[in-house]
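One structure below.
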Amino acid sequence: MEQEKALAEVKKMKQVQMEVNQSKTQEKIMKMVTNTVSVQSSSTMQQTHSKEAQSNNITTATEQSIPMRKSSLSEKGKATGKGQSVTFNISSSEASVLSSNNATDSPSSSTQLSHKVQGLRGRISIKKLIKVKLLDSETSQKMESGQMSMEEVQAYIAQFVSKPTSIAGVYDASLKKKMSFVEASEKGILAKTYAVEFLEAQAATGCIIDPHTGEAHSAEGALEKGVISEDLKEKLADAEKAVSGFAHGGKLLSVFQAMEERILDRHRARKMIEVQIATGGVVHPVIGVRVPLNFAFDNGLLNQITYQSIYDPVSNPKGFYNPEIGQRAYYCELLKNCVYDVVSGVYLLPVGEKQVASISPDNVQGRLTVVNSSSGAEMSAYEAFKGNHIDGKTYLFLSQQETEWQETSITDSSGSEMHILTDLRSGRQLCIETAVRLRILESSELAKYRSGLLNIYELADLLNSRKVVFKITHCPIAGLWDMASRKRLSVLKAHLLNFVDRLTAIRMLEAQACTGGICDPALGERVSIAEATNRGLLNDSFAQLLKQFEAAYSGIAHPQTGKSLSVAQAMQENLLTREVGLRCLEYQLFTGGLINPETHERMTVDEALLGCLIDKATASQLKDERLFSKSLMCPKTKRKVSFSEILEKGVFDGHTGFMLLEATKPQSLSTAGTFQYYWTSYRQI
């Protein structure tokens, strides 16, 4: 035992000696680098190149002598997040070398790579960005060859280091006044608990923002400037670790890694991750920049399972107060409701009795997302952009919060190709060929879009701003308006999502077919059953049921004489059942009058009677509204109503001129089904 004890002491002494020797070696290397830099500054250009080579050799030797643990993430780890340990230990000697390289003004490639750019919380060397592969090899080669300047590099990484798009304060729409969260809590507009949550979200994205000036501060700086009070400093400083890193075992961990190591509460961690993703991306704590999701996955800063659970109301409940509805919401949802103040360049959450105009079917301009807190002026993002109140980057961000435009091409029933712009959020569609034909879009503007000089958001806003929309008369309900997701739905889509039952959906489509065609609520067109099936507005089973109703509009051909008969005449000839015929006449009557199949003119019951298009018994029945059954279910109230009552509930759609029916979230879905519906919606955000 004494022998083993002695051996252990000898081993311990050797280990201490090795650590001392290693420390001395590092000090010698740092002195060598410092001396090298000193010689460089006073020597000729030829000597400078020679010393740079020597300095690079020293750097290489240093990196070899002091190992760096690199990220390793297996395919299994990506899916489960288990067994992940990602650390970037930047040694002090390496930091010294980078600092020394910055001290020289030599135009060489190594000096170029040693320059620093502004990060979220300080300056970062280009070498470090290349080392962690945030800058790709192509960018590195361009810098080494002098093809890319430092200004271009800063612009290239601007999306990763710019001020986060976090919510800076609140905007009282009724008073047209902005205030910080602290001021809002002091005035009783917002509970202090909610205000602190928003301030913690700011800190977790990199800075505390003063909504009056737009300046970004650390927790300590915000206290000095009077943006926050003393009692909030410690709590916000702790939230800042989401950006600066959580120290653990000599490492700096990201939010996800800290959660996996159980040093950060899972609920709080998921809340921080959701905020970071919503405001620009997950923050890399070692290099101090936001990173793309694929980079975060590959480097263990986040995993797929945690990311997919971000909008799961069970594992990650909504964590922020929404003053508009008085309920909890996700941060990304609140950002969509925010307005941008052009005076201080910050995003504000609307509060107060008078809300800023929101997305609705009858809102032709689009949501008013830009305000001038000095003058009280309110405008849409496109109006602000065209008026030079905001730059292109801010305009694009605001547009992406409200819309998600995508171009697709389809072939209509005649074989012609159509290029369609679709907003995946609201369900609106715009046809490029139609816009050119109607002179809404000039060929030169289309050429700019095709060449990339005009982005799809600007093209869509340009077309919408030039459209003149009138209310379409003599038309039944064209589709539904999902009040929860603020989206237009065709009748078939609404039925498939359980907003309306099958019988109500069929009755609404019957009314469309016998009054002029199936309505496309996205494009604002009425088309034949064949074209509606081609566009996905109908399925085959629905199309079969509607053929006789389409014939009721164009005229029902007599099988012997070939004469085109009206609905009432076809009923007398037993070519149409009385039940179907009466429904057709009811649909036509309440949408503007009975239809003459030859001229498609509308007429009253008495006029149709004089024209022999209807018999007296049928005319008498049509005049008694008590005989019309209440066979439709209102998708909002879920009560049985008649066709005329459904029409009265319609709301005008400023995009198409059609009438839409407001619908609430599906009532028949189970809890799992409801979650799946909302998760599908969030994946499009």
*asked:* Is there a side-chain contact (heavy atoms from CB on, under 4.5 Å) between Asn455 and Leu396? Walk through the geometry before answering.
replied: CA-CA 9 Å; Asn455 66 57; Leu396 187 59; 4.3 Å; yes

_Step-by-step side-chain hydrogen bond (donor to acceptor under 3.5 Å, both in side chains) determination, Arg270 to Thr306_ = CA-CA 8 Å; Arg270 283 194 174 97; Thr306 301; 5.2 Å; no

*Let me see the working for Arg486 and Glu402 under salt bridge (Lys or Arg N to Asp or Glu O under 4.0 Å), right down to the final yes or no.*
CA-CA 10 Å; Arg486 298 171 181 176; Glu402 183 180 347; over 6 Å; no

_Is there a salt bridge (Lys or Arg N to Asp or Glu O under 4.0 Å) between Lys192 and Asp231? Walk through the geometry before answering._
CA-CA 12 Å; Lys192 187 173 183 179; Asp231 61 316; 2.9 Å; yes

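Atom CG of Asp210 is separated from atom CD1 of Ile228 by 11.5 Å, given to the nearest 0.5 angstrom. Atoms CD and CZ, from Glu274 and Phe320 in turn, are 6.5 Å apart once rounded to the nearest 0.5 Å. Atom CD of Gln257 is separated from atom CG of Leu302 by 10.0 Å, given to the nearest 0.5 angstrom. Rounding to the nearest 0.5 angstrom, the gap separating the CZ atom in Phe181 from the CD1 atom in Ile208 is 10.5 Å. Of the inter-residue distances, the one linking Asn337 atom CG with Ile325 atom CD1 reads 8.0 Å to the nearest 0.5 angstrom. Atom NE2 in His248 sits 12.0 Å away from atom CG in Leu252 (nearest 0.5 Å).
At a threshold of 4.0 Å, the pair Lys271-Asp265 does not count as salt-bridged, since none of the basic side-chain nitrogens sits closer than that to a carboxylate oxygen. The pair Lys178-Asp341 counts as a salt bridge, with a side-chain nitrogen and a carboxylate oxygen less than 4.0 angstrom apart. A salt bridge does not link Lys235 to Glu197: none of the charged side-chain nitrogens sits closer than 4.0 Å to a carboxylate oxygen.
For the pair Leu334 and Tyr321, the minimum side-chain heavy-atom distance is 4.5 Å or more. Side-chain contact between Glu240 and Val243 is absent, with no heavy atoms from C-beta onward closer than 4.5 Å. Inter-residue side-chain proximity for Tyr340 and Thr394 is flagged as met; some heavy-atom pair is nearer than 4.5 Å. By the 4.5 Å heavy-atom criterion applied to side chains, Met179 and Lys187 are counted as neighbours. Counting heavy atoms from C-beta on, the side chains of Gln304 and Phe297 come closer than 4.5 Å. Counting only heavy atoms from C-beta outward, the side chains of Glu215 and Cys207 never approach each other to under 4.5 Å. In this structure the side chain of Ser166 reaches within 4.5 angstrom of the side chain of Thr205, judged on heavy atoms. Annotation: side chain of Ile390 is in contact with side chain of Val342 (closest heavy-atom distance under 4.5 Å).
When all heavy atoms are compared, the tightest approach of Leu236 to Glu200 is CD2-N, 3.7 Å. Nearest heavy-atom pair across Arg425 and Glu404 is NE-OE1, 3.5 Å. Scanning both residues, Val346 and Pro211, for their nearest heavy atoms gives CG2-O, 3.8 Å. Closest approach of Leu301 and Phe256 over heavy atoms only: O-CB, 3.0 Å. Of all heavy-atom pairs between Ala269 and Leu264, the closest is CB-CD2, 3.7 Å. Looking at every heavy atom in both residues, Ala242 comes nearest to Val283 through O-CB, 4.1 Å.
Glu183 and His212 share a donor-acceptor pair across their side chains, judged by distance under 3.5 Å alone. Side chains of Ser309 and Asp312: no donor on one and acceptor on the other come within 3.5 Å.
Classified by interplanar angle (parallel below 30°, tilted 30° to 60°, perpendicular above 60°), the ring pair Tyr311/Tyr330 is perpendicular. Classified by interplanar angle (parallel below 30°, tilted 30° to 60°, perpendicular above 60°), the ring pair Tyr331/Phe198 is tilted.
The distance between the ring centers of Tyr347 and Phe397 falls below 6.0 angstrom.
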